[in-house]
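Read through the structure below, which is laid out as structure tokens, and then see the notes.
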Amino acid sequence: MTDCLFCKMANGEIEPDLVYEDDEVIAFRDINPQAPTHVLVVPREHIPTLNDLQPRHAELVGRMFLAAKEVARKEGIQEGGYRTVVNCNRDAGQSVFHIHLHVLGGRPMAWPPG
Ligand code: AMP
Ligand code: ZN
């Protein structure tokens, strides 16, 4: 996708504040952090929303969570805890239509979320 912000970050056209990368995913700091650690794990493949996931993406989704675990380790929030979130479409407030996993930590999280 030529006009997608997160595709541009994945292909290096825009330089994100990278925390982690491998051949399938990148992880970078959110520009508007909602917690002391707020990192987005983004697959290199353009998938607009959770609704667009296919069975062939099963391993990729696992890789996203393994990357989240690695981000949490690097950020020193594994033991204290953290939250992973995928927003899908309007009611969840999705604003970038390239699927991403939020990794939030470094402070206590309220439940239920707003
Ligand atoms: P969502 O609302 O779940 O689609 O999350 C999109 C996230 O992308 C928001 O938390 C934004 O702050 C974040 N974001 C938007 N533009 C950028 C950017 N240029 N660099 C890093 N994060 C961004
Ligand atoms: Zn994209």
Side-chain angles (χ1 to χ4, degrees):
M1 277 278 287
T2 49
D3 206 27
C4 169
L5 177 64
F6 288 178
C7 280
K8 286 179 180 166
M9 288 178 159
N11 70 24
E13 213 175 309
I14 296 175
E15 251 184 50
D17 186 357
L18 267 190
V19 178
Y20 171 87
E21 70 176 323
D22 63 31
D23 54 335
E24 297 279 354
V25 308
I26 62 172
F28 53 85
R29 294 191 194 284
D30 197 293
I31 203 168
N32 182 22
Q34 302 301 312
T37 291
H38 187 173
V39 171
L40 304 176
V41 176
V42 175
R44 293 185 185 276
E45 179 179 345
H46 181 83
I47 303 166
T49 79
L50 198 64
N51 293 335
D52 300 301
L53 279 179
Q54 304 298 325
R56 69 179 175 84
H57 295 126
E59 187 183 338
L60 178 60
V61 172
R63 296 281 290 267
M64 288 171 70
F65 276 93
L66 288 169
K69 183 188 83 167
E70 182 59 14
V71 167
R73 188 191 65 76
K74 284 189 173 180
E75 293 289 304
I77 57 172
Q78 277 194 329
E79 294 311 313
Y82 52 100
R83 182 166 292 167
T84 53
V85 174
V86 178
N87 292 320
C88 181
N89 278 343
R90 183 187 58 240
D91 279 357
Q94 184 175 2
S95 60
V96 177
F97 287 83
H98 177 137
I99 201 170
H100 48 281
L101 183 61
H102 294 257
V103 181
L104 297 135
R107 66 165 172 82
M109 300 282 157
W111 191 264

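Both ligands and their constituent atoms are indexed starting at 1 by order of listing. Everything quoted here is computed from the prediction, not taken from an experiment.
When only interatomic distances are considered, the shortest N/O to N/O separation between Asn87 and ligand 1 falls below 3.5 Å. Checked against a 3.5 angstrom limit, the closest N/O atoms of Leu5 and ligand 1 fall outside it.
With a 4.0 Å cut-off on non-hydrogen atoms, Phe97 does not touch ligand 1 at all. If you look at Ile14 next to ligand 1, there are no close heavy atoms at all, none under 4.0 Å. Under 4.0 Å from ligand 1, not a single heavy atom of Val86 appears. Contacts between Ile31 and ligand 1, counted as non-hydrogen atom pairs separated by less than 4.0 Å, involve both the backbone and the side chain.
Side-chain N or O atoms of Gln54 include one that pairs as donor or acceptor with a backbone N or O of Asp52 at under 3.5 Å. Panel note: side chain Glu21, backbone Asp23; no donor-acceptor pair is recorded below 3.5 Å. Judged by distance alone, the side chain of His38 and the main-chain N or O of Ala35 form no donor-acceptor pair under 3.5 Å. Judged purely by atom type and a 3.5 angstrom limit, His98 uses its side chain to pair as donor or acceptor with the backbone of Pro43.
Summarising the geometry of Phe97 relative to Thr49, their closest heavy-atom pair is CD2-CG2, 3.8 Å, with the distance given to 0.1 Å.
Among protein heavy atoms, the minimum distance from atom 18 (C) of ligand 1 is reached at Met9 CE, 3.6 Å. The nearest protein atom to atom 4 (O) of ligand 1, hydrogens excluded, is given as Ser95 N, 2.7 Å; this is a heavy-atom distance. What sits closest to atom 9 (C) of ligand 1 on the protein, heavy atoms only, is Asp30 OD2, 3.3 Å. When only non-hydrogen protein atoms are considered, atom 1 (P) of ligand 1 lies nearest to His100 NE2, 3.2 Å.
Here is the list of ligand 1 atoms found below 4.0 Å of a heavy atom in Arg29: 21 (C). Every atom of ligand 1 is numbered from 1 in the order shown, and the set under 4.0 Å from a heavy atom of Asn32 is 12 (O). Residue contact check: Phe6 has heavy atoms under 4.0 Å from atoms 8 (O) of ligand 1.
By the 4.0 Å heavy-atom criterion, Gly93 is counted among the residues contacting ligand 1. For His102, the heavy-atom gap to ligand 1 drops under 4.0 angstrom.
We find the CG-CG distance between Asp30 and Leu104 to be 8.0 Å, quoted to the nearest 0.5 Å. Distance NZ/Lys69 to OH/Tyr82: 8.0 Å, rounded to 0.5 Å. Taking CZ from Phe6 and CD1 from Ile99, the interatomic distance works out to 11.5 Å, rounded to the nearest 0.5 Å. Taking OH of Tyr20 as the reference point, atom CD of Glu75 lies at 14.0 Å (rounded to 0.5 Å).
Restricting His46 to its N, O or S atoms, the one at the least distance from the Zn ion (ligand 2) is ND1. The atom of His98 that is an N, O or S and sits closest to the Zn ion (ligand 2) is ND1.
Vertex the Zn ion (ligand 2), arms ending at SG of Cys4 and SG of Cys7: the angle is 120° after rounding to 10 degrees.
No hydrogens or angles considered: nothing links the side chains of Gln34 and His102 as a donor-acceptor pair under 3.5 Å.
The hydrophobic clustering, which links ILVMFWY residues whose side-chain heavy atoms are closer than 4.5 Å, places Leu101 and Val85 apart.
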